[in-house]
Amino acid sequence: MSSLRRRKPFNESSDSKPQSEKGEEEEHHEEDHDDDDDDDDNGKNKKIPSKIKKKRWEKLPSPPQQPPKWSCLDMCCWFIGCICVTWWLMLFLYNAMPASFPQYVTEAITGPLPDPPGVKLKKEGLVAKHPVVFVPGIVTGGLELWEGRGCAEGLFRNRLWGGTFGEVYKRPLCWVEHMSLDNETGLDPCGIRVRPVSGLVAADYFAPGYFVWAVLIANLARIGYEEKNMYMAAYDWRLSFQNTEVRDRTLSRIKSNIELLVATNGGRKVVAIPHSMGVLYFLHFMKWVEAPTPMGGGGGPNWCSKHIKAVVDIGGPFLGVPKAIAGLFSAEAKDIAVARALAPGFLDNDIFQFQTLQHVMRMSRTWDSTMSMIPRGGDTIWGGLHWSPEDGYSCSKEREKKNDTQITDQADAESVVCKARSANYGRIISFGKDVAEAPSSDIERIDFRGAIKGHTAANTTCRDVWTEYHDMGFAGIKAVAEYKTYTTESIVDLLHFIAPKMMARGTAHFSYGIADNLDDPKYTHYKYWSNPLETTLPNAPDMEIFSMYGVGLQTERAYVYKLSPHAECSIPFKIDTSADDEATCLRDGVYSVDGDETVPVLSAGFMCAKGWRGKTRFNPSGIKTYVREYNHLPPANLLEGRGTLSAAHVDIMGNFALIEDVIRIAAGASGEELGGDQVYSKIFNWSERINLQLDNETPVYSSR
């Protein structure tokens, strides 16, 4: 039936052919023979010459080749490779670029750039005079590992906080474990020691390319400053202020270094420059250094007068920040809430064992320092259900420079406030936009304080991730929401209810009230020293205090919340990002006022505008105080980076106007020589609406 196949003679040429060619020949031969078989079956036993056969199968097209299939791993490797190649190419071009190229391009677009403040003031003949002490704020100081668990092998004295943050990505859970403090003591967990980096490098840059103190230090160096007359008072910003002394003797070392700076610089007093939470830390230090041992430093009642020329507070949260409440309540702020809304469930799931709000909350609630920024002064300062000092504020209103610190037409101002539709800023947390806007008489509230916490809201597998919410149960969560709205006074009770362990530590180290009688012996305790409403400034009439901060940026003031679904390990409350109302400065569930994006004007400016202005019971020696505001102007183009006129909370450290003021003070200028108050906001108007009793109160004045 089938034709016979003749075997090819075995020789070197046939053997030397590649296997693929041999395979193709065999396939074609098989096809030919199959064709012969078909012909035989059809009764056509016609022989086809071999040459014709050869031509026939040579003309046949080869079978199409399938494209290689890409797996997910191939795609990931390709994507990572593209990113790495692009990154290294950009890095190469950046390093190959002349140092003057960015400045050349910027000047070509915007015109000649002004001289940096240090260069400008050096031309004026200013030279280094008073030694300066920098006091960094929360999260901006570097932390390094001195002792750790097995997962941190090989990281001795490597930065866990600051720098490249490489360990966050390499071993996230290990990083969280080492950055957390003991939930009972607020100190080191057993077997872990993380300590602050020392020297100017501790906080010059937060991360590569992201300056904090570097620009100010560089400009001070222009007029002759160096490490012999500059000192970075680095401390572990996670600890309560008193615990930095208990564990690290930080307050003692600051005292010794200031004394050394004064002694080695011709007896010239220091200029202290705290930033952010460092403002509260230095306020605590000034009380500690003069208090008797063992609680204090034993420097005596005149130590500050002998050693401090001026305190230049930058972005100081004297009266706390509402943002701290959102962080403690739901591990959120405005940016995180928006990200949570864009990617629902992502931050609530235990993806990669790290990118979750639960881990962030568990870690940050062990940091006692966060509780130092809970708003102080209660409803007297921040307002209640019916009112707030910022009533009538419009986020779209054009701001004009105003240096007149007197309220010239109070009647007209009040009439404008009554007509304007304003947010109820005194309601720091409201469950629902309707509650935030409703008249207080229409809000029916059920007090949560006596509520019985129900059954656990999470299974036991979540408890190493979650914090204290699993002890509340669904009944406790419901009770919190049914109270509807919270003012500053009830916020402290709320935090006690949802996080009793955290607040037990916090209230042992901080206080949030207003002193009735500052002569009461209880106010000698260190828990009151960082609250300007429950302590007095030192007896140093020649000292000056400057409050320098940014304005012109929308800053978080109050929040609209909602209950989140009761997932097993979910934080039960979150900001309602669907709540918007431009008329009342409500956007993405957050009510905003004037400030520097972190600290509202009220917190940064009130004490120097009114609380300490003149001789008051909080400032018995009459230390002169000045308010210096810096209006925000964004960078003109991308090449300007973060800008030289920015008023944002951290970016203001590169603001040329602020740096110039700081250098002039360090070179010996007084507040009067600087020009007195510089005001763009309504801080003096808002301060006058606060009914705070001030003994020996003097009229609010402008030094201009």
Side-chain angles (χ1 to χ4, degrees), residues 114 116-117 120-121 124 126 215-216 219 271-276 279 309-318 390 393 397-408 543-553 555 593-614 623-634 643-688 698-704:
K120 174 186 174 183
L121 297 179
E124 293 183 14
L126 268 68
V215 177
L216 178 57
N219 280 277
V271 171
I273 311 174
H275 173 244
S276 189
V279 169
K309 184 255 183 189
V311 181
V312 182
D313 296 315
I314 302 175
F318 291 101
E390 303 100 327
Y393 170 75
K397 185 178 179 181
E398 185 80 14
R399 181 179 294 99
E400 297 178 359
K401 181 175 179 180
K402 182 176 180 181
N403 285 307
D404 182 11
T405 59
Q406 300 284 347
I407 299 178
T408 56
M543 192 169 81
E544 293 180 317
I545 296 179
F546 298 84
S547 183
M548 298 181 174
Y549 56 90
V551 296
L553 289 165
T555 305
V593 291
D594 197 5
D596 66 0
E597 286 187 324
T598 297
V599 183
V601 163
L602 188 67
S603 179
F606 173 78
M607 291 309 298
C608 283
K610 183 176 181 179
W612 289 334
R613 185 58 63 103
I623 295 172
K624 290 184 178 179
T625 62
Y626 301 93
V627 176
R628 302 283 295 177
E629 295 182 344
Y630 302 87
N631 202 15
H632 176 73
L633 288 175
T644 59
L645 296 173
S646 175
H649 187 63
V650 177
D651 293 355
I652 198 172
M653 301 296 285
N655 184 297
F656 276 13
L658 178 139
I659 292 173
E660 182 175 335
D661 287 349
V662 171
I663 294 176
R664 289 187 184 279
I665 295 168
S670 66
E672 294 288 343
E673 293 169 334
L674 208 62
D677 295 321
Q678 175 179 280
V679 180
Y680 297 90
S681 72
K682 298 289 185 181
I683 181 59
F684 286 99
N685 300 69
W686 294 344
S687 297
E688 281 304 305
T698 57
V700 177
Y701 66 91
S702 173
S703 52
R704 276 190 173 173

Can you see which heavy atom on Ile683 is nearest to which on Ala609, and at what distance?
CG1-CB, 4.1 Å
OG of Ser681 to CD of Glu390: how many Å apart, nearest 0.5 Å?
10.5 Å
So, taking the atom named CG in Asp313 and the one named CZ in Arg628, what distance separates them when rounded to the nearest 0.5 Å?
14.5 Å
Out of curiosity, Ser670 OG to Ile665 CD1, how far, rounded to the nearest 0.5 Å?
9.0 Å
How long is the span from the SG atom in Cys608 to the CD atom in Glu544, to the nearest 0.5 Å?
11.0 Å
Suppose we screen for side-chain hydrogen bond (donor to acceptor under 3.5 Å, both in side chains). Which residues come up paired with Asn219, at least two apart in sequence or across chains?
none
On a heavy-atom basis, the closest approach of Val662 and Val312 is CG2-CG1, 4.1 Å
Taking the side chain as every heavy atom from C-beta outward, state whether Met607 and Thr625 have any atom pair closer than 4.5 Å.
no
Could you give the distance from CG (Asn631) to CG (Asn655), rounded to the nearest 0.5 Å?
10.0 Å
Report yes if some heavy atom in the side chain of Asp594 is under 4.5 Å from a heavy atom in the side chain of Tyr393; otherwise report no.
yes
Minimum heavy-atom separation for Gly550 and Ile652, please, with both atom names.
N-CD1, 3.5 Å
Answer yes or no: is there a donor N or O on one side and an acceptor on the other, between the side chain of Glu629 and the main chain of Tyr680, under 3.5 Å?
yes
Among Val627, Val599, Thr598, Val279, find the residue that satisfies the side chain to side chain contact (heavy atoms under 4.5 Å, CB included) test when tested with Tyr549.
Val627
Passing candidate, side chain to side chain contact (heavy atoms under 4.5 Å, CB included) with Tyr630, options Val551, Asp661, Ile314, Leu645
Asp661
Ser547: which residues meet the side-chain hydrogen bond (donor to acceptor under 3.5 Å, both in side chains) condition with it, sequence neighbours left out?
none
Correct closest heavy-atom pair for Ala669 and Lys309 would be O-NZ, 2.7 Å
Could you check Arg613 against Asp677 for side-chain contact (heavy atoms from CB on, under 4.5 Å), going step by step and ending with a plain yes or no?
CA-CA 12 Å; Arg613 185 58 63 103; Asp677 295 321; 3.2 Å; yes
Reported CE-to-CG distance for the pair Met653 and Leu658, which is rounded to 0.5 angstrom:
7.5 Å
For Glu673, the salt bridge (Lys or Arg N to Asp or Glu O under 4.0 Å) test, sequence neighbours excluded, returns none
Tell me the closest heavy-atom pair linking His649 and Gly315, and the distance in Å.
CE1-O, 3.2 Å
Closest contact, heavy atoms only, Arg664 versus Glu124:
NH2-OE1, 3.2 Å
Classify the angle between the aromatic ring planes of Phe546 and Tyr626 as parallel (below 30°), tilted (30 to 60°) or perpendicular (above 60°).
parallel
